[in-house]
*Asks:* 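I'd like to ask some things about the structure below.
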2 protein chains.
Amino acid sequence: MTAKPKLTKNQSVVLKALTRAKKPLTAYEILDLATVRTQGLKAPLTIYRALDRLRDEGLVHRIESLNAFLACCEKAGHTEPVGFVICDNCRKSVELRLSDCETHLGASAEAAGFQVGEIRVEMTGLCPACVKAAARQG
Amino acid sequence: MTAKPKLTKNQSVVLKALTRAKKPLTAYEILDLATVRTQGLKAPLTIYRALDRLRDEGLVHRIESLNAFLACCEKAGHTEPVGFVICDNCRKSVELRLSDCETHLGASAEAAGFQVGEIRVEMTGLCPACVKAAARQG
DNA sequence: TCTATACCATTATATCATTACATCATGCGA
DNA sequence: TCGCATGATGTAATGATATAATGGTATAGA
Ligand SMILES: [Zn+2]
Ligand SMILES: [Zn+2]
Ligand SMILES: [Zn+2]
Ligand SMILES: [Zn+2]
């Protein structure tokens, strides 16, 4: 019986903000949101602490190349490795299943003698909307 | 006839420092090295500029999850995507070929409607030496 | 000479993240 | 009830990473 890990108020506020944003936000961007500020969160550390907990629960992912955080696309969260594809233009980001690549990648690392922990994949490019916009520009 | 892109002094100093280090260094760590300081490099921006050029040439790679830079394992450099595996304990990092995973990863991204540019893969874990050390600890 | 280009220096500032320490609430055994 | 551990929170300061703004120097070609 693992105790139901209910989120605290700060954690809920941050998770809601990220869910609403639908794209990655940095800790300071979260802090600047009116919806967050009015809830009384006003220091970076408060945000980082909430994010730490949310990441532990697998409800939020960190995108290393942006120093930003994205709400998981699955309601219940998860800790399995996933990949991200990130628009260079508008920063829209989508979580992707790795479709067995993680197995191959892990095997390469083990072939080099490493014991593998986390696997992170980040791809950059243009999102569908920005591809279309670029096409219109000629 | 692409002009031979000879490196400037600053660029050479930074590349040598990274090559000698054999592991990822942050810009500020590079700046703190005696071998770099004595060559007259003394501001962060100087280091970043040299790194930008070296990355353009494919001679140095950036590891996003460490905010650090690693000399390419190939003398001539390259811009093809590679993966890294990084020791959580000692930070030793190794460059790995992606063995076709990049193709699959890119395909997933394209299936989501994205036009893919860069692909970055970073794995964390324990290097062979640290695995052995951990085993001795029991 | 005039202009363009590339490289570099210096200072200040912006951005991202953590440390240190105090406070408050809750739950739990004595 | 008291004492105490635990975990969440608040505040302030600082550390760590990266870029902006400005201008100097050297060089190459018209
Ligand atoms: Zn997820
Ligand atoms: Zn976009
Ligand atoms: Zn390389
Ligand atoms: Zn190691």
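Computed over heavy atoms, backbone and side chain alike; hydrogens, waters and symmetry mates excluded. Lettering of chains follows the sequences in order, A, B, ..., and the numbering in each one begins at 1.
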*Asks:* If you look at every heavy atom in B/Cys130 and B/Cys87, which pair is closest and at what distance?
*Replies:* SG-SG, 3.7 Å
*Asks:* For A/Ala27, which contact category applies under a 4.0 Å heavy-atom criterion: base, sugar-phosphate, or nothing?
*Replies:*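 Nothing: the residue A/Ala27, judged by heavy atoms under 4.0 Å, touches no strand.
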*Asks:* To the nearest Å, how far apart are A/Asp56 CG and D/dG7 C1'?
*Replies:*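 For the pair A/Asp56 CG and D/dG7 C1', the rounded distance is 14 Å.
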*Asks:* Check the phosphate of C/dA9 against B/Lys42, side-chain N and O only, distance under 4.0 Å to OP1 or OP2. Yes or no?
*Replies:*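 So the side chain of B/Lys42 is outside the cut-off, no N or O lying under 4.0 Å from OP1 or OP2 of C/dA9.
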*Asks:* Rounded to the Å, how far apart are B/Ile47 CD1 and C/dT10 C1'?
*Replies:*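 Answer to the nearest Å: 14 Å.
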*Asks:* Sugar-phosphate means primed atoms, P, OP1 and OP2; the rest is base. With that split, encode nucleotides 19-24 of chain D 5' to 3' as B, S or - using protein heavy atoms under 4.0 Å.
*Replies:* BBB---
*Asks:* Please list, chain by chain and in numerical order, all residues satisfying side-chain hydrogen bond (donor to acceptor under 3.5 Å, both in side chains) with B/Glu122, sequence neighbours excluded.
*Replies:*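 B/Ser65.
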*Asks:* Could you tell me which non-hydrogen atom of B/Leu105 sits nearest to which non-hydrogen atom of A/Leu98, and how far apart they are?
*Replies:* CD2-CD2, 3.8 Å
*Asks:* Can you label the angle between the B/Phe84 ring and the B/His61 ring as parallel, tilted or perpendicular, going by 30° and 60°?
*Replies:* tilted
*Asks:* Would one find a side-chain N or O of A/Asn67 under 4.0 angstrom from OP1 or OP2 of D/dA18?
*Replies:*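 Answer is no, no contact under 4.0 Å.
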*Asks:* Tell me, please, which residues at least two apart from B/Arg20 pass salt bridge (charged side-chain N to carboxylate O under 4.0 Å, His left out).
*Replies:* none
*Asks:* Is there a side-chain polar atom (N or O) of A/Thr46 under 4.0 Å from OP1 or OP2 of D/dT9?
*Replies:* no
*Asks:* Between D/dT9 and A/Thr8, is there an OP1 or OP2 to side-chain N/O distance shorter than 4.0 Å?
*Replies:* yes
*Asks:* With B/Glu74, which residues qualify under salt bridge (charged side-chain N to carboxylate O under 4.0 Å, His left out), at least two apart?
*Replies:*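 Here no residue qualifies.
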*Asks:* Please name the residue in the list A/Val13, A/Thr8, A/Val14 that meets the side chain to side chain contact (heavy atoms under 4.5 Å, CB included) test with A/Gln11.
*Replies:*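 Of all the options given, the one that passes is A/Thr8.
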*Asks:* From CG of B/Leu66 over to P of D/dT17, roughly how many Å is that when rounded to an integer?
*Replies:*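 One finds 10 Å between P of D/dT17 and CG of B/Leu66, rounded.
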*Asks:* Kindly say if B/Arg62 contacts the phosphate of D/dA18, meaning a side-chain N or O under 4.0 Å from OP1 or OP2.
*Replies:*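 Indeed, a polar side-chain atom of B/Arg62 lies that close.
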*Asks:* Under 3.5 Å for both distances, Watson-Crick or G-U wobble, that's the pair rule; now give the dot-bracket for DNA chain D, with | marking pairs to another strand and [ ] for crossing ones.
*Replies:* ||||||||||||||||||||||||||||||
*Asks:* Report the residues that fulfil salt bridge (charged side-chain N to carboxylate O under 4.0 Å, His left out) with B/Glu110, sequence neighbours left out, ordered by chain and then residue number.
*Replies:*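 None.
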*Asks:* Any side-chain heavy-atom pair from B/Glu95 and B/His78 closer than 4.5 angstrom?
*Replies:*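 In contact.
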